Asker: 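My questions all concern the structure below.
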Amino acid sequence: MKDKAYSVPAIYGVNVFSDRVMHERLPKDIYQAIRRTIQSGSQLQPEIANTVAAAMKEWALEHGATHFTHWFQPMTGMTAEKHDSFISLTGDGQVMMEFSGKELIKGEPDASSFPSGGLRATFEARGYTAWDPSSPAFVKDGTLYIPTAFCSYSGEALDKKTPLLRSMEDLSKIAVKVLHLLGDTDVTHVDTTIGSEQEYFLIDKDLYKKRKDLLLCGRTLIGAPAPKGQEMEDHYFGVLKPKVSAYMHALDEELWKLGIPVKTKHNEVAPGQHELAPIFETANVAVDHNQLTMEVMKKVADSCGYACLLHEKPFEGVNGSGKHNNWSLVTDTGINLLDPGKTPGSNVRFLVFLLAIIAAVDDHADLLRLSVATAGNDHRLGGNEAPPAIISIFVGDELAQVLEDIEAGRSGRRSKRTMMGVGAEVIPSFAKDTTDRNRTSPFAFTGNKFEFRMPGSSVSVSQPNIVLNTVVAEALEQFYEKLKDVPQEKMEAEVEKLLKSTLKKHKRILFNGNGYTDEWVEEAAKRGLYNLKSLPDCMPMFASEENIDLFVRHGVFTREEVVSRTEILLENYSKTIHIESLTMQDMVRKDFTPALLQYMDKLTGVILVKRQILEGAPCSYEKGILQQLDAAAEQIQVSLAKLDADTKQAEQVAEAEAAARYYQSVILVDMDELRAAVDSAEALIPDSILPYPTYEELMFSLR
Ligand code: ADP
Ligand code: MG
């Protein structure tokens, strides 16, 4: 716990070049120009950059900065930064601190060492970073961080921010047009909002360092299950352990200082697993903040003696981690378009947007699925905790009733909120939510927003939101085309027709039941829904003609950008599994096998000595263990040789899609086989002999 008390409002955003700071330090007209850019995406005139840069520098120097960096999000999924100091020589052997508008607006990092998926030959190494005024600059560790977009010399996006901004602008435009048709003529801009809940594991730092698999791959590749897992359901929302609680406090404080509105924290389902959730923000800022959050989580963990695991599946046999992406649309007049209000059945605006989303998710489930595909997340989707790989939408009972009425053409739909009484008079009664929870649904309506639950815990939430924005924009565009020439007096009837026909066409995507059952898998197949289990199954669909056409039409990706991103994602997948295979082999050979042999040697010694002392002693217990270990050793030898040979084979597969398929269908299977043999032996070997910590130590030693 913090020993000294502090006031949250006093520290909130102290390290941010925030709206308040800009208001205080910038001339009025320049401040207003920036506000316009932030609120409605209007372009900023480059002339004002010098004034902003000067104010930013002064503020940054006061906050201890010596350097500045253009902070960007290349396709590695991480953030990137190159620090330049503010110094410039004065000619008399002294320095002064300078920062120009040009340096604020544009950076020129060498782009050749970032993934480009063939977009840029190395001889055209020049890349540009361009200031994104819609995401606030901040000071961290003595450097002024300036959020930027990253593109190639010829203007193709090489990052995760540029297409997100494009998709937000596109969606805003079409949403405004639809709202105008429906009578909301004062709306000029619609913002995409995101709140991303972040799951993670904490483990002891010293234990972490003893495992190559965690160090190099972020997940355990071998490890017999602990006697206890998550079956007691005693960790979810459980009491926070004091040291974990101290970590969470320290983390909150760091994040608040960076202006990240973290709000909620609790223990998650698996032992050692936790969650943090911020208050939602505009999509672009929320994505930047989530990237920053992940970084600070690791840093604070390190200073508290922990390692923070963000991998989607650090441990076999217990839940993995995801990142629930809460998504909504808010107008500049302050209306949340996904707020059903008291009578959703007669809230036409809400229903139009709801049905556009239903249509979008049904038409483009393949894109949504692939937007969250990574080698890590494949382990999670379809496991018994995360949503299944099949995409469906949960709307809850109340909306299901409304939709039923629409389909049946029943007018006068008036679903009412029911009041909740728990049967004890002292407990005040309250209005029930419109939806119950359905934790098994990958795409759930949760009261006034949709919660897309498939994104993995370690990756940027940019890609799923790029896709979500684009497909919803597409559905709205189609609605707009159908409604734009309808005279006002007929609008209501035409909208009603549109809602009805949309629902008829897309209701197969609605599912309110349990998404974990085999029956649902069968039922979904009958409905013709996708069940794309792995990245190689879905990634090639990204670059289908239809999808390229969609992204190009909406100005979100060019053809080249889609093709290059497909390439990068396939390559990342193969590289990840390649590293895992090599790490696993290394760990089995150099860490596990010596322990195995040591224990076998010990048992053999015991048997031999015992026989000398106790003539005719059967030694059946010792022999039994030895035999089991020997059988495992034989299997390990075979499986290890196969993994080794197949991995060498995989290295020869040049084409990206073929390579990814090979890693998925051969290498992962080999790794499972090897793991089964190793784990069966590990379960018999004393912990004191193993050179690395077991599952039990990793998950249950947190204080
Ligand atoms: P739960 O665990 O029930 O899903 P949490 O409070 O952990 O709820 O997370 C809900 C998330 O949804 C928070 O990040 C919250 O800020 C976010 N959220 C709420 N309203 C909106 C909205 N209109 N748009 C986007 N996100 C929202
Ligand atoms: Mg949630």
Side-chain angles (χ1 to χ4, degrees), residues 12 164 167-168 171-172 175 187 189-200 235-238 240 248 251-252 255-256 259-270 273-294 297 319 321-341 344 347 349-350 353-354 356-357 385-387 393-396 399 420 430 432-455 457 461-462 464-469 472 515:
Y12 189 81
L164 178 67
S167 73
M168 288 166 68
L171 178 54
S172 172
V187 175
H189 182 80
V190 171
D191 210 13
T192 322
T193 51
I194 301 177
S196 54
E197 302 160 54
Q198 173 75 49
E199 293 178 338
Y200 61 100
H235 196 254
Y236 188 61
F237 282 17
L240 300 179
M248 290 176 168
L251 179 60
D252 282 342
L255 294 173
W256 284 332
I260 300 176
V262 277
K263 170 102 174 149
T264 307
K265 53 190 181 185
H266 59 80
N267 284 351
E268 257 299 331
V269 171
Q273 192 184 29
H274 312 281
E275 180 180 304
L276 158 162
I279 297 174
F280 68 93
E281 298 177 281
T282 188
N284 171 36
V285 177
V287 169
D288 285 1
H289 278 172
N290 182 251
Q291 292 294 116
L292 202 50
T293 299
M294 289 193 285
M297 286 167 85
N319 279 9
S321 300
K323 187 140 46 191
H324 293 176
N325 186 73
N326 294 272
W327 179 96
S328 190
L329 296 169
V330 183
T331 66
D332 57 350
T333 53
I335 305 165
N336 175 358
L337 296 172
L338 293 184
D339 185 350
N347 185 343
R349 183 178 57 213
F350 167 73
F353 280 84
L354 175 69
I357 294 167
E385 84 271 3
I393 301 179
F394 170 82
V395 292
L399 290 187
M420 179 88 187
F430 48 86
K432 276 210 302 198
D433 286 302
T434 21
T435 61
D436 192 4
R437 287 170 178 259
N438 180 335
R439 289 177 60 95
T440 69
S441 176
F443 202 91
F445 184 71
T446 46
N448 60 358
K449 60 193 186 290
F450 270 101
E451 183 170 339
F452 185 31
R453 303 209 177 103
M454 289 175 116
S457 48
V461 275
S462 173
N465 288 298
I466 294 169
V467 168
L468 200 46
N469 292 349
V472 172

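Keep in mind that the numbers below use all heavy atoms, side chains included, and drop hydrogens, waters and symmetry copies. Note that ligands are numbered from 1 as they come in the structure, with each ligand's atoms numbered from 1 the same way. This one's a predicted model, so the numbers in the text were calculated from it and none came from an experiment.
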Asker: Is any side-chain heavy atom of Ile194 closer than 4.5 Å to a side-chain heavy atom of Asn290?
Answerer: no

Asker: Counting only heavy atoms, tell me which of Arg453, His324, Glu197 gets closest to atom 4 (O) of ligand 1.
Answerer: Glu197

Asker: Answer yes or no: does an N/O atom from Ile194 fall short of 3.5 Å to an N/O atom of ligand 1?
Answerer: no

Asker: Do the rings of Phe443 and Phe452 sit parallel, tilted or perpendicular, given the 30° and 60° boundaries?
Answerer: tilted

Asker: What's the separation between atom CG in Leu329 and atom OG1 in Thr193, rounded to the nearest 0.5 Å?
Answerer: 6.5 Å

Asker: Any idea which atoms of ligand 1 are less than 4.0 Å away from a heavy-atom of Glu451?
Answerer: 4 (O)

Asker: Do Thr193 and ligand 1 have an N or O pair less than 3.5 Å apart?
Answerer: yes

Asker: As an exercise, state the distance from CG of Leu292 to CD1 of Ile260, rounded to the nearest 0.5 Å.
Answerer: 4.0 Å

Asker: Phe450 vs Phe445 aromatic rings, parallel, tilted or perpendicular, using cut-offs 30° and 60°?
Answerer: perpendicular

Asker: Thr440 versus Phe394: any side-chain heavy-atom pair under 4.5 Å?
Answerer: no

Asker: Are any of the N or O atoms of Ile279 closer than 3.5 Å to those of ligand 1?
Answerer: no

Asker: Against heavy atoms of Asn336, which atoms of ligand 1 measure under 4.0 Å?
Answerer: 23 (N)

Asker: Would you say Glu275 touches ligand 1, if touching means a heavy atom closer than 4.0 Å?
Answerer: yes

